[in-house]
Amino acid sequence: MTRLIQNNGRGNIMGETLLQVTNLTTRFHSRGNLIHAVNGVSFKIDKGETLGVVGESGCGKSVTMLSMLHLLPPAARVVAGTAFFHDKDLLKLNSREMQRIRGNHIGMIFQDPMTSFNPVLTIGDQVGESLIYHNISNRAGAEKRVIELFRMVGIPDPEARLKDYPHQFSGGMRQRAMIAMALACEPELVIADEPTTALDVTIQAQIVEVVKDLRDRLGIAIIWITHDLSLVAGLADRIMVMYAGNVIEEATTEDLFDQPTHPYTLGLLAALPAFQASKNSKRLSSIPGSPPDLRAEPTSCPFLPRCSYAINRCAIEMPLAHEIPGNGSTPHSVACFVNTQERITVQ
Amino acid sequence: MLQYILLRLVRWIPGVILLMFIVYALMFFGGGDPVQIMFSREATDLFMPGNPRYEAVKEQLGLNRPFLVQFGDYLWKMLHGDFGMALTDGRPVARTLAAATPITISIALAASAIIAIVGIPLGVIAALNQNHWADNLILGGALFFWGIPTFVMAPLLMVLFCLELNLLPVPRGWHGVFDVNSIIPLTVAALRPMALVIRQARSAVLDVLSEDYIRTARAKGLPEWVTIIKHALRPVLTPVVTQMGVVMTNLLAGSLLLEIVFGIPGIGKLIRDGILNNDYSVLLGCTFVVLALVTLTNLLVDITYPILDPRLRSTQKGAE
Ligand SMILES: Nc1ncnc2c1ncn2[C@@H]1O[C@H](COP(=O)(O)OP(=O)(O)O)[C@@H](O)[C@H]1O
Ligand SMILES: [Mg+2]
């Protein structure tokens, strides 16, 4: 906690749990196959906290978030778990109740700002409409608020750009508009699903700065999904690493970079240019192999085929998350039988 | 916009001339001797080649001139609204066309209206109930009617409604769109193309519903009806209008069968009579009218695109 207070002065609002997800399990039915997309994911996020969610593409980051908001495609079903937002289990809400939460208390920022805007409606209309349908303001009030939001996210000449259509915005400006859209109703939590992946590097940095600035000013909690560890390094308070629908390591950002433990995390870190000469034992420049086939029920460690630390037990049993000593304020948990720090078996 | 329309019309002219040329050439070289056709009901031996009366008529009508000169003359007169005389009854073709064209147009418009009003909502309902009974019923019905050709459907409906159920008079001729006699012809005209529009509307709605921006709309917490009506149906209009343009074109150009079956004196029937009587003045006139109507339809469709889709409007504001 002290680190956070020193770093950004946001510590005072933290500590109260905002969202607590337990054992979330989601499956797809796809052409006769059962796809185990999310397998018992648990995490929590405090008020005002920023949680980074990291993992290769296809490891279940998006499906986890979409499951909570009932935004899954028709082929997917949540089969187990709870997701308490304040004291309400999101997974048990009916569609009307869910509607009142979405956009109003939880905002979403999607990856591709081109396809995520309706091409035939003006940006101003799309950014402001949630205010109208959540009964926060009327049409005129919504327009005023959109202008204010455009200023906040750094869209120049907001009065004129309001009437523009998505194709008249550049990629970076569209993503700023999407951030404005997510913030319109002043949500307590914003889920950003790879918000900068579709943008080029300089624009990426600008967007990260916009979000950081708004977070510090408004005190919103953020779940920032990315496949790029370095992107969340300067942004997140805590980082959760996902692999094949499981959370395989979770720690404060500082802890994760100081003491990365899961072989997969080590692989991700080793792939970062800044960590090429890292102090940690085995160095991988990139992780060989590819994520596992999710059609089979996981019975062994999903990372086993790509792991250079594997022991016999990894093939027989699925490692569960357990805490290891860390120096952060929240526990450091890892789902691995091997202590890669010392290369000895735990338990 | 005006400039755009004019440009379209200018670009249309060479195509029309080419097609008219082809039809003219086909008729000129393969359509029989016009003088013989004109007098086919009279003493034919008087109008055999070599006979002075035959040669006199031919000279008088300018039929001895070279092919290209005759074609040029025809085009020039057409520009002034003169489509020549029908070979068989001697009436001005322009007047015959003026009587037949409104009938074909009104059938096409009325059938299109029925198709749009019934077909588009059915397609949307099918999509919103994908793979449930309503969807299966609508798609199955569309497929069923699509499979029945006009010449089967028309007598079938007449037997059912006129003879068996005695609900409607046997339709004959044409007394305007809002006449009871028009119910069966319009139904026959609308049913098959409606199947196309239903399927098109359904797949367009399904495509749009899987778009990212629909998920965005839901993520904003919009009520489902707002998501459907505001965010999903607007983008669906573009492909549906395209399909309606095709349907309209087919109704205008494909009125032949319907008009023959029901004895409706429209362009289709004129074409049939023209073919049967080798009357190439009438056929040429019909060709021109159908071409003009089809072009007009396509022009209207093209004009609606930028209205429906802002991406097609020319005013581009610069990005960053
Ligand atoms: N529409 C779908 N149909 C079937 N399977 C899907 C679908 N969407 C996602 N999945 C499965 O869920 C897994 C996780 O996807 P996702 O959460 O989108 O990954 P990411 O971590 O890149 O966001 C994928 O590997 C895939 O197997
Ligand atoms: Mg994703």
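First the proteins, then the strands, lettered A, B, ... as listed; each starts at 1.
Within 6.0 Å of the CZ atom in A:Arg145, the count of heavy atoms belonging to other residues, nucleotides or ligands exceeds 12.
For A:Thr82, the side chain to side chain contact (heavy atoms under 4.5 Å, CB included) partners two or more places apart in sequence, or in a different chain, are A:Thr22, A:Phe84, A:Asp89, A:Lys92.
Here the side chain of B:Arg215 pairs no donor or acceptor atom with the backbone of A:Leu71 at under 3.5 angstrom. A:His134 places a side-chain N or O within donor-acceptor distance of the main-chain N or O of B:Lys220, the cut-off being under 3.5 Å. A donor-acceptor pair under 3.5 Å links the side-chain atoms of A:Asn118 to the main chain of B:His231, judged by distance alone.
Heavy-atom distances place no part of A:Gln111 under 4.5 Å from chain B, backbone and side chain included. Of the atoms belonging to B:Leu237, not a single heavy atom falls under 4.5 Å from chain A. With a 4.5 angstrom heavy-atom cutoff, A:Met181 touches chain B only via side-chain atoms. For a residue to count as touching a neighbouring chain, one of its non-hydrogen atoms must lie under 4.5 Å from one of that chain's; by this rule A:Leu66 touches chain B with the side chain only. Only the backbone of A:Phe117 comes within less than 4.5 Å of a heavy atom of chain B; no side-chain atom from C-beta onward does.
The choice from A:Ser116, A:Ala184, A:Pro166, A:Ser130 that makes the most heavy-atom pairs within less than 4.5 Å of chain B is A:Ser116. By number of non-hydrogen pairs under 4.5 angstrom with chain B, the leading residue of A:Ile191, A:Asp125, A:Ile109, A:Asn104 is A:Asp125. Among B:Glu211, B:Gln130, B:Lys230, the residue making the largest number of heavy-atom pairs under 4.5 Å with chain A is B:Lys230. Ranked by heavy-atom pairs under 4.5 Å with chain B, the list A:Met178, A:Glu129, A:Met108, A:Met98 is led by A:Glu129.
Between A:Tyr133 and B:Val226, the closest side-chain pair of non-hydrogen atoms falls below 4.5 Å.
The two atoms that bring A:Val120 and B:Leu308 nearest to each other are CG1-O, 3.8 Å, heavy atoms only. Nearest heavy atom pair, residue B:Arg311 against residue A:Pro119, reads CZ-CB, 3.4 Å.
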